[in-house]
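Everything below concerns the one structure shown next.
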Amino acid sequence: MLKIERINTFYGNIQALKDVSIEIAEGEIITLIGANGAGKTTTLMSVSGVVPPRSGQILFKGQPIHNLSPDRIVPLGICQVPEGRLIFPYMTVMENLDMGAYLRKDKDGVKKDLEYVFDLFPILAQRKNQAGGTLSGGEQQMLAISRALMARPKLLLLDEPSLGLAPLIIKQIFEIIQKINTENNTTVFLVEQNANQALKVAHRGYVMENGTITLSDSARALMNNEDVKRAYLGL
Ligand code: ATP
């Protein structure tokens with residue numbers, strides 16, 4: 001579904017990604033793990049068109065997207081949930097969700113998807129008239145994921161969904177990610193520093209160090225890899 005081929009991405013003169021290649025098949029959850037500053041966020045930004053690569057290519061369902069702007073990439077079915085959530089704090093939960101669906105014309109489908117996200121996160125239904133900024137951190141993450149789902153993405157890009165959340169909420173968020181993948185057939189590209197949790201839900205994983213991919217394997221094999229255990233799993 002997504003093919004990232006040897007991309008090089010820069011911020012001015014600083015090279016953040018060096019020859020990065022990642023492939024995601026339809027229906028997969030893949031995770032990209034790595035330390036602070038490794039280049040994980042930049043990889044997602046390159047896919048969503050926010051920071052386009054200077055060279056290499058990115059194909060979505062065979063179509064080159066590395067030269068498209070974000071507003072051309074979203075309608076193809078690629079939606080990013082940015083790190084730090086970035087919901088609209090002064091809008092209600094309901095208005096935030098409406099924003100996610102603003103490109104859609106199929107009113108019945110939107111209604112159905114609204115029911116679906118309220119089913120995934122019942123707390124959001126209870127808080128639908130509350131301003132987004134007054135939600136707890138975990139609830140804001142739920143809202144950010146739900147807002148993305150309202151666009152009915154084929155590929156969901158998740159940037160550190162567990163960041164700053166309590167262990168119980170983290171567990172819940174990861175369970176939902178798995179649910180979205182299996183029930184909704186949404187392909188998921190998950191960027192995480194919480195390698196432990198990420199590898200538990202992912203089918204395959206990539207390890208990134210200093211802007212390059214150093215390792216890729218099934219999630220199970222990575223969990224049992226001695227280097228990964230030492231560097232990322234705290235074992
Ligand atoms: P984190 O988990 O801390 O977000 P990351 O793996 O997502 O880390 P990136 O945010 O992709 O890493 O950063 C990769 C490199 O690019 C870092 O060296 C970072 O300092 C640099 N970088 C990121 N954003 C910018 C920017 N806007 N301008 C200049 N350099 C940047």
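No hydrogens, no waters, no symmetry mates; every other heavy atom, side chains included, goes into these values. Each ligand, and each atom within it, is numbered from 1 in the order the structure gives. Keep in mind it's a predicted model, so treat the numbers as computed, not measured. We count residues from 1, following the sequence as given.
Taking atom 12 (O) of ligand 1 as the reference point, the nearest protein heavy-atom neighbour is Gly39 N, 3.1 Å. Annotation: atom 8 (O) of ligand 1 to nearest protein heavy atom, Gly37 N, 2.7 Å. Looking only at heavy atoms of the protein, atom 29 (C) of ligand 1 is closest to Tyr11 CB, 3.3 Å. In terms of protein heavy-atom proximity, atom 9 (P) of ligand 1 is closest to Thr42 OG1, 3.5 Å.
Annotation: side chain of Arg6 is not in contact with side chain of Val20 (no heavy-atom distance under 4.5 Å).
Exactly one of Ile176, Val81, Ile170, Ile177 qualifies for a side-chain contact (heavy atoms from CB on, under 4.5 Å) with Pro161. That residue is Ile177. Each of Leu143, Val110, Asp113 was evaluated against Leu97; a single residue qualifies, Leu143, per the side-chain contact (heavy atoms from CB on, under 4.5 Å) test.
With 3.5 Å as the limit, one finds a donor-acceptor pair spanning the side chains of Thr42 and Tyr11. Between the side chains of Asn36 and Gln193, at least one donor N or O lies within less than 3.5 Å of an accepting N or O.
Of the candidates Thr41, Asn36, Leu44, Thr9, Thr41 brings a heavy atom nearest to atom 7 (O) of ligand 1.
Under the 4.0 angstrom criterion, atom 17 (C) of ligand 1 counts as having a protein heavy-atom contact. There is no protein heavy atom closer than 4.0 angstrom to atom 20 (O) of ligand 1.
Distances below 4.0 Å separate heavy atoms of Glu160 from the following atoms of ligand 1: 2 (O). Within the listing of ligand 1, atoms 5 (P), 6 (O), 12 (O) sit less than 4.0 angstrom from a heavy atom of Ala38. Taking every non-hydrogen atom of Ala35 and a distance limit under 4.0 Å, the qualifying atoms of ligand 1 come out as 6 (O). Near Glu83, the atoms of ligand 1 lying under 4.0 angstrom from a non-hydrogen atom of the residue are 4 (O). Counting atoms of ligand 1 from 1 in the listed order, those under 4.0 Å from a heavy atom of Ala16 are 16 (O).
Because its NZ or CZ atom is both nearer than 6.0 Å to the ring centre of Phe88 and within 45° of the ring axis, Arg147 counts as a cation-pi partner of that residue.
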